[in-house]
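Reading through the structure tokens given below for one structure.
Below, read A as the first sequence line, B as the second, and so on, with proteins coming before strands; counting in each chain starts at 1.
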Number of protein chains: 2
Amino acid sequence: MTVTLADVAARARVSPATVSRVLNGNYPVAASTRERVLRAVDDLDYVLNGPASSLAAATSDLVGILVNDIADPFFGIMAGAAQTQIGGPGDGSGRAGGEKLAVICNTGGSPERELTYLTLLQRQRAAAVVLTGGAVEDPAHQAAMSAKLTKLADAGTRIVFCGRPPLPEGDALVAALAFDNRGGGRRLAEHLISLGHRRIGYVAGPPERTTTRHRLEGHREALRAAGLDAAPGEADGGPGSDDQDRLTVHGPYDRRSGYEATLELLRRAPDVTAIVAANDTVALGACAAVRDQGMRIPQDISVAGFDDLPFSVDAVPALTTVRLPLFEAGARAGRLAMGKENPPPGGIATIAAELMIRGSTAAPRG
Amino acid sequence: MTVTLADVAARARVSPATVSRVLNGNYPVAASTRERVLRAVDDLDYVLNGPASSLAAATSDLVGILVNDIADPFFGIMAGAAQTQIGGPGDGSGRAGGEKLAVICNTGGSPERELTYLTLLQRQRAAAVVLTGGAVEDPAHQAAMSAKLTKLADAGTRIVFCGRPPLPEGDALVAALAFDNRGGGRRLAEHLISLGHRRIGYVAGPPERTTTRHRLEGHREALRAAGLDAAPGEADGGPGSDDQDRLTVHGPYDRRSGYEATLELLRRAPDVTAIVAANDTVALGACAAVRDQGMRIPQDISVAGFDDLPFSVDAVPALTTVRLPLFEAGARAGRLAMGKENPPPGGIATIAAELMIRGSTAAPRG
DNA sequence: CTGTTAGCGCATTCAG
DNA sequence: CTGAATGCGCTAACAG
């Protein structure tokens, strides 16, 4: 019923090995022979059996891209960019040739799913795995991840981090592209401080994620440097002082969280003059909440985001945010996964975050 | 080096066949034996060899989800929803068990890539394929798709369309979930007409896509019903009359296209009082263009979108649009792909599109 | 440059 | 309920 390599060989009057060689193209074959084989392939409408070939070769052409939330363009952009470097034609060849099958796996932010996908990919003997976005900092999970990744790497799977800091133990086996979340958070806070803001609310992401922590740390660094980390009246000023904690609300990275956290913030501290959101999506929710409270942006209150997603420039007023080169980073991760590009020195590269000052931030009223 | 089923068998003191049976769980095995095997699996940290098992069983646990543009939440939401029904744990089992590997493939809207991904998936003997979003209407491509899908179906791959109309030839082998784009487009135009708009610009998507055509057809249906399809002064009134063509600009489904097309529309017909965009992303660009021309929304000009993506409600003013139940549709497609749900009668279900009237549309000035 | 020979690791018959 | 034997379709040495 189903046509095999042997059938093609018979029709082309060559040995199966030869057919395999022209198909994989990694071995010299006479042009005329190749022609004949290719014709037979077309005539018979032959499609390679992936599992069989992976079994024999002990490696597959699958590349996995893990994302936390594919409905979020933050991940969509990176994943799409990575795929441009990995899968599909672009190699120019019309026929499906030496392409890898780049494949996106949506973990939904769940550590267990992340591990499960890794196992599934390991089962498939994936050629490479790209992990995008912040990691969960639970020690048990980190250990499990580290063990799993080591095993994958040992089996020949290339591992690339994109927008995620390297593992604490620093496996030498991965190439990591890390965003400068801390620096971005710091510069954004500095911008607000320089405008004259003194009471700044912060809508943070889930506490256990590296992205959340780094952005928040950068934010507080700037506050501390400006002497704004102590509550008015007290002077302890330790990092994470009570007042700063009161000005910070954690929640998921979504619009709704931004909305609710902002209401909460406004309730807790009606004197805030600016709100920094964990990312642009959250910032959108924050803007809605601010407006629903009858306040104007930026006259009554400034709002800022992080990531500079495409819609941020279209917000009204346009959102001040920190731009992350998501597409470029994703593409580079894809190239690293393909071995088209050498890993950065030390295995880790930090990707700059650029402050984008737009209409949603201004000097505080009064 | 790498541990195989035989190793597990040896350690559990059973035959390889028995190990295979407990792993696949589709055959009676004594509880005590199962215990022993499972322990051996854990002890040895055994991971099934996917290719080997797929080769032997002539089917794999891969499910492909094809999308046109994964950076667009329209697709991200559907794909993510489908994955919740297919991959990862949720089956409750902690260990990676009977899960399928749900995998998203980004075609970038290119017909060739679509075909290539299908071939790649065919190679892998995918268990199912979900195709999302509008199709390209080029006859040659449609024929190629039809042929390819038939072959996949013959090989036992389940085919599901999600947000895409069934193929013209109507292969009985696919289940299709089609959005009511035409009805949505019609109701949106009716809404504007009832507000009093007579000159309505339309920023359409790429002309060759079904989604574009259906939305536009619905739009024009409503115009025609209201007697608005003829140019002022002439009376031929045939469908697609010159005037309507002048009020329509095609472009890709992105923000920039919305921006530029709107400028063009405003130049061609300064008297338009409303602009309908092909989707919400395009509408955002349209809003920006309108504002950059110094006009207010909706006082000077109304703007509407399509899809009701999460950010649309946060636009200022909130965007009038047509809501598509993307998550629900994606989840249902996932279930169909898994065979968890029966296909709709006739193989095709039409999914309703709901008009969402918000602040970006109002009666025209004057 | 091309053919021959062996498995790759597992799911299945079929016996027991 | 369990074990032994067979082959899935292909690639990778190794010869020629």
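Side-chain contact of B:Asp61 with A:Gln124: a donor-acceptor pair under 3.5 Å is present, judged by distance alone. With hydrogens and angles left out, the side-chain atoms of B:Glu112 and B:His141 include no donor and acceptor closer than 3.5 Å. Under 3.5 Å, the side chains of B:Thr18 and B:Ser15 contain a donor-acceptor pair of N or O atoms. Between the side chains of A:Lys148 and A:Gln122, at least one donor N or O sits under 3.5 Å from an acceptor N or O.
If you take CG of A:Asn49 and P of D:dG7, they are 18 Å apart, rounded to a whole angstrom. In this structure, CG of B:Leu5 is placed 14 Å from P of D:dA4, rounded to the nearest angstrom. Rounded to an integer number of Å, the gap from A:Arg125 CZ to C:dG9 P is 8 Å. One can place CG of A:Asp7 at 9 Å from P of D:dG9, the figure rounded to the nearest angstrom. The distance between atom CZ of A:Arg123 and atom P of C:dG9, rounded to the nearest whole Å, is 16 Å. Atom CZ of B:Arg13 is separated from atom P of D:dG3 by 11 Å (rounded to the nearest Å). Atom CD in A:Gln124 sits about 15 Å away from atom P in C:dG9, given to the nearest Å.
Residues B:Thr116 and B:Thr107 have side chains not in contact (no heavy-atom distance under 4.5 Å, counting atoms from C-beta outward).
Each of A:Asn24 and B:Thr18 was assigned the nucleotide of DNA chain D with the nearest heavy atom; the assignment lying further toward the 5' end belongs to B:Thr18. With DNA chain D read from its 5' end, the first of the two nearest nucleotides for B:Arg21 and B:Leu55 is the one closest to B:Arg21. Map A:Ala17 and A:Pro28 each onto its nearest nucleotide of DNA chain C; the residue landing nearer the 5' end is A:Pro28. Ranked by how close their nearest DNA chain C nucleotide is to the 5' end, B:Tyr27 and B:Ala52 are led by B:Ala52.
Which of C:dT2, C:dC10, D:dT11 sits closest to the side chain of A:Ala30 comes down to C:dT2. Of the candidate nucleotides D:dG9, C:dG9, C:dT2, C:dT2 has the atom nearest to the side chain of A:Val29.
Residue B:Ser53 has no polar side-chain atom (N or O) positioned under 4.0 Å from OP1 or OP2 of C:dC10. Taking side-chain N and O atoms only, A:Ser20 has a distance below 4.0 Å to OP1 or OP2 of D:dT11.
B:Ala58 comes within contact range of no nucleotide atom at all, as no heavy-atom separation falls under 4.0 Å. Residue B:Thr33 is in sugar-phosphate contact alone, with no base atom involved, counting any heavy-atom pair closer than 4.0 Å across all strands shown. Within 4.0 Å of B:Val14, counting heavy atoms only, lie sugar-phosphate atoms of the nucleic acid but no base atom.
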